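Please read the structure below before turning to the comments.
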Amino acid sequence: NGSVTFSGNYAKSSSYDDNAYYSASGGAIYSYSGAITLSGNGSVTFSGNYAESSYSASGGAIYSDRGSITLSGNESVLFEKNYEKSGSSYRLRSIYLSGGSNSRFTLSAPEGGIIEFRDGIYVGGGVVSYNAPYIDADGAEHLQTGDILFTGAYTEAHLKEIKGGTAGTEAEISNSRLTQVLATTNLYGGRLRVEDGAYYQGHGLIVAENSNATVLLKD
């Protein structure tokens with residue numbers, strides 16, 4: 001497609017009773033041990049999606065339980081203002097992948113393209129690949145040399161907006177800037193950028209030999 005947009009979708013649970021606690025997961029997309037793939041599009045945008053519960057919420061935009069998430073070969077991908085609300089606490093977090101031995105998390109941006117996260121993400125394990133070659137519908141291979149960006153530049157403004165003008169607490173701001181990838185990240189090309197107060201907590205980074213890949217950390 002020329003463009004794909006997911007905006008203003010939500011998963012919501014507002015009560016609990018008899019010790020049965022209700023959680024909410026995946027504001028725009030929910031998958032249980034399946035595959036979520038968006039590839040070969042122009043622009044892809046996830047904006048203003050949320051999961052809300054009085055108990056716990058996971059994945060403002062996308063939630064996957066032991067499945068796979070693939071964003072590859074799109075000209076641009078943007079995640080912004082996707083959030084989890086648990087009780088009275090807010091957290092900008094667009095993706096929650098619970099992980100598992102069969103889980104796959106794949107991000108690939110073409111030359112001149114970008115995958116930009118203005119929200120945090122959580123990947124609980126599995127195989128994580130950034131800018132691996134993209135195989136199109138005709139079986140042709142395309143090297144991916146674009147940017148994968150995690151930025152905290154918009155965190156405070158976006159929290160204030162979704163909270164109706166109330167500033168985010170120190171904990172909400174810190175949590176919203178945190179990306180946790182509890183698996184080794186494999187970088188095959190392009191640039192991995194962590195900027196403007198974003199935190200990237202990973203379990204190791206492997207940069208492919210002769211890939212000309214770059215890791216850029218900027219305060």
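Just the heavy atoms: all of them, side chains too, but no hydrogens, waters or symmetry mates, feed the values below. The structure presented is a predicted model; accordingly, all values stated were derived computationally and were not measured.
The shortest heavy-atom contact between S98 and R66 is OG-N, 2.8 Å. Residues G26 and A11 share a closest heavy-atom pair of O-CB, 3.7 Å. Shown here for P133 and L143, the closest heavy-atom pair between the two residues is CG-CD2, 4.3 Å. Scanning both residues, G168 and K163, for their nearest heavy atoms gives CA-NZ, 3.9 Å. Between I36 and S31 the shortest heavy-atom distance is CD1-CB, 3.6 Å.
Judged as a salt bridge (charged side-chain N to carboxylate O under 4.0 Å, His left out), the pairs with a partner in residues 147-157 (not counting sequence neighbours) are, in order, D147-R191, D147-R193, E156-R177. Sequence neighbours left out, the pairs with a member in residues 91-102 that pass salt bridge (charged side-chain N to carboxylate O under 4.0 Å, His left out) are E84-R93. Every pair passing salt bridge (charged side-chain N to carboxylate O under 4.0 Å, His left out) that includes a residue from residues 101-125 is listed here, sequence neighbours excluded: E80-R118, E116-R118.
Residues Y90 and T166 have side chains not in contact (no heavy-atom distance under 4.5 Å, counting atoms from C-beta outward). Residues I162 and L92 have side chains in contact (heavy-atom distance under 4.5 Å, counting atoms from C-beta outward). Within the 4.5 Å cutoff, no side-chain heavy atoms of Y134 are placed close to those of P110.
In the hydrophobic clustering, L182 connects to Y30, Y32, Y63, Y96, Y122, either directly or through intervening members, whenever side-chain heavy atoms lie under 4.5 Å apart.
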Review point. After noting the C-alpha distance and the side-chain angles of Y130 and F105, does the key distance pass the side-chain contact (heavy atoms from CB on, under 4.5 Å) rule?
Key: CA-CA 8 Å; Y130 294 166; F105 184 65; 4.1 Å; yes

Exercise for review: Please assess I121 against F150 for the test side-chain contact (heavy atoms from CB on, under 4.5 Å), listing each intermediate value before the final yes or no.
Suggested key: CA-CA 9 Å; I121 68 172; F150 297 89; 3.8 Å; yes

Point to revise | Worked check of side-chain contact (heavy atoms from CB on, under 4.5 Å) between L205 and Y200 | key: CA-CA 11 Å; L205 174 66; Y200 190 96; over 6 Å; no

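Atom CG of N82 is separated from atom CG of N49 by 5.0 Å, given to the nearest 0.5 angstrom. In this structure, NE2 on H203 lies 8.5 Å from OG1 on T184, to the nearest 0.5 angstrom. For the atom pair N186 CG and I206 CD1, the distance stands at 5.0 Å (nearest 0.5 Å). Taking CD of E52 as the reference point, atom OG of S86 lies at 9.0 Å (rounded to 0.5 Å).
For F79, the ring pair (Phe, Tyr, Trp, His ring centres under 6.0 Å) partners at least two apart in sequence or on another chain are F46, F117.
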Considering only distance and modelled atom types, tabulate donor-acceptor pairs under 3.5 Å from the side chains of residues 208-219, sequence neighbours left out.
residue: S211; atom: OG; partner: A208; partner atom: O; Å: 2.7
residue: S211; atom: OG; partner: A213; partner atom: N; Å: 3.2

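Checking side-chain atoms of D196 against main-chain N and O of T151 turns up no donor-acceptor pair under 3.5 Å.
Connection of I148 to L97 is established within a shared hydrophobic cluster, with ILVMFWY side chains joined at heavy-atom distances below 4.5 Å, either directly or through further cluster members.
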